[in-house]
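These notes are about the structure you will find just below.
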Protein chains: 2
Amino acid sequence: MIRLLLAEDQGMMRGALALLLGMEHDIEVVAQVGRGDEIVDAALVARPDVALLDIELPGRSGLDAAADLRDEVPDCRVLILTTFGRPGYLRRAMEAGAAGFLVKDGPVEDLAEAVRQVLRGETVIDPALAAAALSAGPNPLTGRERDALAASVDGATIADIAASLHLSESTVRNYLSSAIGKTGTRNRMEAVRAARQQGWL
Amino acid sequence: MIRLLLAEDQGMMRGALALLLGMEHDIEVVAQVGRGDEIVDAALVARPDVALLDIELPGRSGLDAAADLRDEVPDCRVLILTTFGRPGYLRRAMEAGAAGFLVKDGPVEDLAEAVRQVLRGETVIDPALAAAALSAGPNPLTGRERDALAASVDGATIADIAASLHLSESTVRNYLSSAIGKTGTRNRMEAVRAARQQGWL
DNA sequence: ACCTGGCCGTGACAAATGTCCCGGGTGCCT
DNA sequence: AGGCACCCGGGACATTTGTCACGGCCAGGT
């Protein structure tokens with residue numbers, strides 16, 4: 001029996017996946033969580049063989065949780081399941097030690113098979129996505145540029161960002177200008193969008 | 001047997017829901033589509049008793065499709081299933097003649113029961129959401145203010161918006177300024193965010 | 001010891017944005 | 001006929017944003 005942990009914030013999706021995977025004769029869902037910061041605790045208790053993690057989770061990113069699992073529950077293989085096949089996500093997932101990366105498009109039938117593959121030690125990745133990730137190159141943004149961009153979502157003003165990062169307004173504008181340049185965009189909003197698209201952020 | 005049409009863009013979610021609902025003894029999934037502009041055609045062919053529609057769909061909004069169905073396939077009851085329980089969405093769903101409104105949180109078990117309820121002529125709505133929709137009041141934005149806001153997502157400049165709406169830049173700025181005032185925000189981005197949050201847009 | 005790159009800041013400037021006036025036109029309701 | 005709301009535009013103005021040039025600090029690599 002493959003012991004599976006399932007982390008997904010949308011209740012209906014989580015329930016549906018749990019039911020479907022539980023119907024497989026060789027899979028048993030031993031833990032379900034809806035928040036990223038509950039993953040490690042649940043894994044320590046339930047001792048799953050495979051963790052199926054969404055990326056966008058409240059509390060803690062599934063990618064960060066994957067890195068945590070590698071340290072704290074090394075026997076557990078990680079399979080990332082996400083809505084967005086962003087190159088940067090895939091790259092970060094691999095760096096965090098994930099064994100597989102699936103997007104929520106594509107048929108459900110693949111899911112159980114992917115779980116079995118990662119347990120056999122194989123790596124499962126959509127080939128097209130892998131190519132995109134390689135061709136896109138790594139994240140060119142520095143840490144602070146990322147911070148500034150991330151803080152500027154939802155229409156925060158320069159003053160807001162400066163306050164939230166404890167920086168001067170001039171500095172923030174320099175970082176943002178730099179990020180706009182690196183993303184090849186015309187303003188904050190486009191830069192945020194572009195960075196999101198790539199999975200930087 | 002309840003004949004069901006399922007419209008949902010995320011392949012895995014669609015597949016999972018189809019399998020789960022198909023396992024119910026009294027439900028048969030007679031059509032699955034992944035785009036909003038395929039809903040009416042599919043319904044005309046499959047003649048479902050109930051249509052389970054996501055809102056955010058490529059091609060055409062599930063809310064618009066619900067209005068279409070009321071006109072073209074009036075026997076078919078509409079049940080809206082959405083990620084975001086936004087007051088404006090609920091309001092628009094009701095105006096489009098939907099018989100029910102579910103959010104994708106909450107247990108899958110409710111789903112089949114909700115389908116049966118709408119078929120019996122009952123209306124299914126989360127009470128808390130209904131209260132929020134009533135207390136929020138109707139959409140205060142005029143048609144053009146909505147257009148201008150919608151066109152300003154993703155960092156379009158005033159010039160871009162003016163071009164895409166065939167308006168002068170002055171006009172666009174006036175509309176945006178008005179929308180910013182009505183939403184009680186400080187700039188475009190906040191206004192867009194606030195309007196989205198409410199389900200205006 | 002030097003160079004590089006990230007980090008943090010200032011000042012000045014041009015461009016974009018948001019606000020407040022104003023005008024005219026239309027259609028709808030009373 | 002008047003009032004009202006929406007549509008469309010112009011002009012002036014203050015504010016915000018984005019760019020550029022320029023400092024200094026610190027860590028790492030050669």
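Letters A, B, ... mirror the listed sequences (proteins, then strands); counts begin at 1. Since we're looking at a predicted model, the values are computed, not measured. In what follows, every heavy atom counts, from backbone to side chain, and hydrogens, waters and symmetry copies are set aside.
Nucleic acid contact for A:S168: sugar-phosphate only, since backbone atoms but no base atoms lie under 4.0 Å from a heavy atom of the residue. B:R173 comes within 4.0 angstrom of a nucleotide base, judged by non-hydrogen atoms across all strands. At the heavy-atom level, A:T142 lies under 4.0 Å from the strands shown only through sugar-phosphate atoms. A:G181 comes within 4.0 angstrom of nothing in the nucleic acid, heavy atoms only.
When all heavy atoms of A:Y175 and A:E145 are compared, the closest pair comes out as O-CG, 3.9 Å. Annotation for A:A42 and A:L5: closest pair CB-CD1, 3.9 Å, computed over non-hydrogen atoms.
Here C:dG6 presents its P atom at 12 Å from CZ of A:R146, a figure rounded to the nearest Å. Computed from coordinates, the B:K182 NZ to D:dA5 P distance equals 10 Å when rounded to whole Å. C:dA16 atom P lies 15 Å from atom CG of B:L176, rounded to whole Å. Look at CD on A:E169: it is 13 Å from C1' on C:dT10, rounded to the nearest Å. At whole-Å resolution of the value, CD1 in B:I180 and P in C:dG18 are 5 Å apart. Put simply, CZ on B:R144 is 16 Å from P on C:dG27, counting in whole angstrom units. One atom, CD of A:E190, and another, C1' of D:dT17, lie 14 Å apart when rounded to the nearest Å. Between the CD1 atom of A:I158 and the P atom of C:dG9 there is a distance of 14 Å, rounded to whole Å.
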Can you check nucleotides 22-24 of chain D for protein contacts, nitrogen or oxygen pairs under 3.5 Å, and list what you find?
none

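The residue among A:S170 and A:A159 whose nearest nucleotide of DNA chain D lies closer to the 5′ end is A:A159.
For the pair B:R186 and C:dG18, the criterion of a side-chain N or O lying under 4.0 Å from OP1 or OP2 is not met. The phosphate of C:dC8 has neither OP1 nor OP2 within less than 4.0 Å of any side-chain N or O from A:T171.
Checked for salt-bridge contact, B:K104 and B:E8 meet the test: a charged N lies under 4.0 Å from a carboxylate O.
The side chain to side chain contact (heavy atoms under 4.5 Å, CB included) test with A:I2 singles out one residue from A:V50, A:L21, A:V30, and that residue is A:V50.
Using modelled atom types and a 3.5 Å distance limit, the side chains of B:T83 and B:E56 yield no donor-acceptor pair.
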Candidate pair A:I39 and A:L57, rule side chain to side chain contact (heavy atoms under 4.5 Å, CB included), full reasoning: CA-CA 10 Å; A:I39 292 175; A:L57 290 173; 3.9 Å; yes
B:R14 vs B:D54, salt bridge (charged side-chain N to carboxylate O under 4.0 Å, His left out): CA-CA, chis, key distance, verdict: CA-CA 10 Å; B:R14 185 172 66 243; B:D54 192 5; over 6 Å; no
